[in-house]
Amino acid sequence: MIQVKLYRRPDPPVVEEVIGVIHSLQPEWFTEDVPEDTRRDLLFQDVICAEVDGRLRSFLVFTSWEGSISITLMGTHPDYRGIGLGTQLIHALFVHASELGFERVTLLTVPPDVKPQYEHTIKFYKQHGFSVVKRYSEIWGSGAIEMCKNL
Ligand SMILES: CC(C)(COP(=O)(O)OP(=O)(O)OC[C@H]1O[C@@H](n2cnc3c(N)ncnc32)[C@H](O)[C@@H]1OP(=O)(O)O)[C@@H](O)C(=O)NCCC(=O)NCCS
């Protein structure tokens, strides 16, 4: 059974489950600083999670920045990828953000010419209505792509 849940300022057990999914995506997807950065981010941010049979398998950390919802980090445990968990989470975010009166969702992600596997990630976001709006060369050492969707 799949359950989608919103945790505001999640408690430590939820944070540790999120960190567990992050570890499952290292080193291929996330650099070594991501678990600790996320632990700190979650002191001030919220997370929407998909639980499969009671275990957290996919997460979407988000916040608000300059009046828009910003996706800080998203990930699905590799054993559960491609079964629709990420899609359920991003739809839940769109509903939640719209209900709160937000009009835009933005995110930064890794350029595929830096890490080719991120081609899949960009395709995933494009399938959900995001467009690439800018490339920054100064962020994250090798640069970042900003994507945006109007709700
Ligand atoms: C991107 C991600 C969060 C999507 O979550 P998910 O639970 O796999 O999403 P879904 O099951 O809803 O998949 C949606 C589509 O994306 C495709 N997809 C996404 N990432 C993929 C990957 N790495 N490899 C193959 N296909 C991928 C799925 O096959 C599916 O395609 P379809 O709708 O045409 O069948 C997940 O794949 C992931 O954790 N990727 C690595 C980490 C990452 O890039 N995070 C985002 C950083 S900002």
Side-chain angles (χ1 to χ4, degrees), residues 1-7 10 14-42 44-66 68-98 102 104-151:
M1 189 181 63
I2 297 171
Q3 285 184 295
V4 173
K5 295 184 184 169
L6 165 68
Y7 294 99
V14 174
V15 174
E16 290 317 309
E17 284 207 273
V18 170
I19 301 297
V21 176
I22 291 172
H23 283 310
S24 76
L25 290 161
Q26 288 182 298
E28 191 187 1
W29 296 90
F30 297 145
T31 52
E32 61 181 357
D33 47 322
V34 173
E36 278 314 306
D37 286 356
T38 305
R39 222 178 237 122
R40 280 194 290 271
D41 286 346
L42 284 172
F44 293 91
Q45 299 188 19
D46 298 341
V47 61
I48 302 177
C49 300
E51 296 175 5
V52 182
D53 298 330
R55 292 286 308 275
L56 196 157
R57 301 300 188 186
S58 184
F59 68 87
L60 188 166
V61 179
F62 66 100
T63 187
S64 172
W65 176 252
E66 294 186 340
S68 297
I69 291 287
S70 174
I71 298 177
T72 311
L73 193 71
M74 164 160 208
T76 296
H77 188 291
D79 294 347
Y80 293 81
R81 184 178 294 156
I83 60 166
L85 300 182
T87 296
Q88 287 199 45
L89 295 190
I90 212 154
H91 284 163
L93 177 74
F94 294 161
V95 170
H96 181 56
S98 297
F102 285 89
R104 246 162 66 101
V105 181
T106 67
L107 61 91
L108 292 176
T109 193
V110 178
D113 52 286
V114 175
K115 280 191 180 180
Q117 61 269 39
Y118 275 84
E119 201 74 66
H120 294 294
T121 306
I122 292 192
K123 180 172 160 250
F124 170 81
Y125 287 127
K126 282 185 174 168
Q127 280 175 339
H128 294 293
F130 285 84
S131 316
V132 174
V133 288
K134 198 162 178 175
R135 165 113 191 206
Y136 296 92
S137 52
E138 318 78 30
I139 302 179
W140 296 345
S142 322
I145 283 178
E146 182 181 2
M147 300 185 79
C148 173
K149 176 190 164 82
N150 291 324
L151 293 171

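The structure presented is a predicted model; accordingly, all values stated were derived computationally and were not measured. Remember, it's 1-based here, ligands and their atoms both numbered in the order they're listed.
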Sub-3.5 Å pairs, protein N or O with ligand 1 N or O:
from     : atom 1 : to     : atom 2 : distance (Å)
ligand 1 : 5 (O)  : Thr76  : OG1    : 3.1
ligand 1 : 7 (O)  : Thr76  : OG1    : 2.8
ligand 1 : 7 (O)  : Gly86  : N      : 2.8
ligand 1 : 8 (O)  : Gly82  : N      : 3.0
ligand 1 : 11 (O) : Gly82  : N      : 3.1
ligand 1 : 11 (O) : Ile83  : N      : 3.1
ligand 1 : 11 (O) : Gly84  : N      : 2.6
ligand 1 : 12 (O) : Thr87  : N      : 3.0
ligand 1 : 12 (O) : Thr87  : OG1    : 2.5
ligand 1 : 34 (O) : Gln127 : NE2    : 3.2
ligand 1 : 39 (O) : Thr76  : N      : 2.8
ligand 1 : 44 (O) : Thr121 : OG1    : 2.7
ligand 1 : 45 (N) : Met74  : O      : 2.8

Problem - Derivation of the ring pair (Phe, Tyr, Trp, His ring centres under 6.0 Å) call for His120 and Phe124 - result: CA-CA 6 Å; His120 294 294; Phe124 170 81; over 10 Å; no

Practice task
For the residue pair Pro78 and Glu28, establish whether any side-chain heavy-atom pair is separated by less than 4.5 Å.
Solution key: no

Exercise for the section: Flag yes if more than 12 heavy atoms outside Glu32 fall under 6.0 Å of its CD atom; otherwise flag no. Expected result: no

Exercise for the section: Return the orientation label for the Phe94 and His91 ring planes: parallel under 30°, perpendicular over 60°, tilted otherwise. Expected result: tilted

Exercise for the section: May I ask you to decide whether Arg57 forms a salt bridge with Glu17, counting only side-chain N to carboxylate O separations under 4.0 Å? Expected result: no

Exercise for the section: Please examine the side chains of Tyr118 and Ile145, heavy atoms only from C-beta on, and report whether any two atoms are closer than 4.5 Å. Expected result: no

